[in-house]
2 protein chains.
Amino acid sequence: MSDASESGIPERKRGSGVKVVYEMLRDEILDLKLPPGSPIDEVQLAERFGMSRTPIREALVRLAGEGLVETLPNRSAMVANIDVLNLHTFYDAITLMYRVTTRLAAQYHRPADLVTIRAHQAKYAAAVAAQDALAMVSTNRDLHAAIAEAGRNPYYTWLTLRLLDEGRRILRLYYQSFDDRLPQEYVEEHEAMIDAIAARDIERSDRIASAHADQIVRQIQKLLARDERQSVPL
Amino acid sequence: MSDASESGIPERKRGSGVKVVYEMLRDEILDLKLPPGSPIDEVQLAERFGMSRTPIREALVRLAGEGLVETLPNRSAMVANIDVLNLHTFYDAITLMYRVTTRLAAQYHRPADLVTIRAHQAKYAAAVAAQDALAMVSTNRDLHAAIAEAGRNPYYTWLTLRLLDEGRRILRLYYQSFDDRLPQEYVEEHEAMIDAIAARDIERSDRIASAHADQIVRQIQKLLARDERQSVPL
DNA sequence: TGCATTTTATTTGTCGACAGAATTTCGACC
DNA sequence: GGTCGAAATTCTGTCGACAAATAAAATGCA
């Protein structure tokens, strides 16, 4: 269960503790290794990471600030739940952020941005080719994060990153139980999106981003509408 | 300088410490009582609030997560600077959020929301009548926060709140040195906005919110373009 | 006098410990 | 046997202290 206790690791740079815990916990939450709603024991984490509760708590506070963990006073912190009932607010927001960041990227990107964006797209295409669902979700996030970055509006970038992370959890919920393939379309849509950005065609970027978001929303909706009942003979 | 040390206050509920420090520091940062770029000494705050450094640190981590303080490793935390050069990203984002949240409020508001919104509007009008610039900025924030809340999209609400807070700092920068009056227009625009929301007229809400945002942006730009040189005889 | 280097001092990051709250366990009573 | 209440346990919130790292001061040298 705990494999981190074997390595003798009294060596740790001052100030790196929080970062390690934060990133590790964050990944585990987004990958659903820590399932939504599960309680988080500070002492347990402290022994697991071989450090005091102080840096653990600081990491938890940060994660709470990003909405990934929920804390109740004098009670254990919990991994934030995925609010399936209000998913439409997520659809709405991610669509708008896709559109806005792509528009701004077309407007303000610099040559170096395109290099970064294309590198992420290559990784995404590789993940699709390898049928690696987890890598697809992760590289898709990185690609859109790079596009948002190229738009150079930190407020939009911030919200986009949060939405992408939330989406990573939702998609993970999906790919956990199901492994079909259709994301080849996404590769092509990404290519078209990058072309539009490179051409600085704002309206075309907007249209493609909008269609891309719709595509993803439909994908998630199809997943959620899936009827998982099995025909059992009675 | 420190007037909080006089009151004998060993009485403090468990778990309230962080909240007190967080809200106090937050207000002081937004009101520019703590000027942007000024260093934050944890020990000093600890004695001032009569508590240990632990809750202070936790409050600072939270504020850092909201972008109100910047922390460098092994160095003092600083009150976040106001990036005047990239103000256009702020204009862009606040305009979009005004539009989106007002649209959603027109669509999804419930009767109780209108009561809350109108109450905030009344307070805003009172602040304008009283020529209380600080109260105007504060109540304006509360009003738009209530509208965002009525739209029921937590992602938009989150970004809107952050933008409103950032705007509070920017406007505070203005009203600090200058006290003129023109916000009577804002009162009327707010009234029109609330009417459109109550009528569930999405397009009209959008138009008014857009115009309102433009108005505020122009106001800030006029402030920043102000020539503060004084004609000194040489 | 000016600059580089060592020494001092201040400040953060982390630790272990204690007390308050809440949950759980155990026991008594109906 | 079930339910209510009390003791015990567990976990969080806060504290004071120590050590690393940086900033400041002091010293030596050219």
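Proteins get letters first, then strands, A, B, ... in listed order; numbering begins at 1 in each.
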Should the pair B/His144 and B/Tyr98 be assigned to parallel (<30°), tilted (30 to 60°) or perpendicular (>60°) ring geometry? parallel
Are any of the side-chain nitrogens in B/Asp27 or B/Arg168 under 4.0 Å away from the carboxylate oxygens of its partner? yes
Main-chain N/O of A/Leu34 paired to A/Ser38 side chain as donor or acceptor, under 3.5 Å: no
Whole-Å gap separating P (C/dT14) and CD (A/Glu58): 7 Å
Rounded to the nearest angstrom, tell me the gap between atom NZ in B/Lys19 and atom P in D/dT12. 20 Å
Among residues 36-45 of chain B, which residues get a heavy atom nearer than 4.0 Å to DNA chain D? none
Does a salt bridge link A/Glu28 with A/Arg172, judged by any charged N lying under 4.0 Å from a carboxylate O? no
Dump the pairs, protein N or O against N or O of nucleotides 20-22 of chain C, anything under 3.5 Å, distances to one decimal.
residue : atom : partner : partner atom : Å
C/dG20  : N2   : B/Arg14 : NH2          : 3.3
C/dA22  : O3'  : A/Arg75 : NH1          : 3.1

Compute whether any side-chain donor of one residue and acceptor of the other, for A/Tyr22 and A/Glu66, lie under 3.5 angstrom apart. yes
Rounded to whole Å, how long is the line connecting atom CZ of B/Arg53 with atom C1' of C/dC15? 12 Å
Compare side-chain N and O positions of A/Thr54 against OP1 and OP2 of C/dG13 and report whether any pair is under 4.0 Å apart. no
Euclidean distance, atom CE of residue A/Met51 to atom P of D/dC18 [Å, nearest integer]: 22 Å
Nearest listed nucleotide, side chain of B/Arg57, among D/dT12, C/dG13, D/dC15: C/dG13
Keeping B/Asn153 on the side-chain end and A/Thr89 on the backbone end, is there a donor-acceptor pair under 3.5 Å? yes
Hey, is B/Asp165 close enough to B/Arg26 for a salt bridge, meaning N to O under 4.0 Å? yes
Would you say the ring centers of A/His120 and A/His190 fall short of 6.0 Å from each other? no
Could you give the CD-to-C1' distance, from B/Glu47 to D/dG16, as a whole number of Å? 14 Å
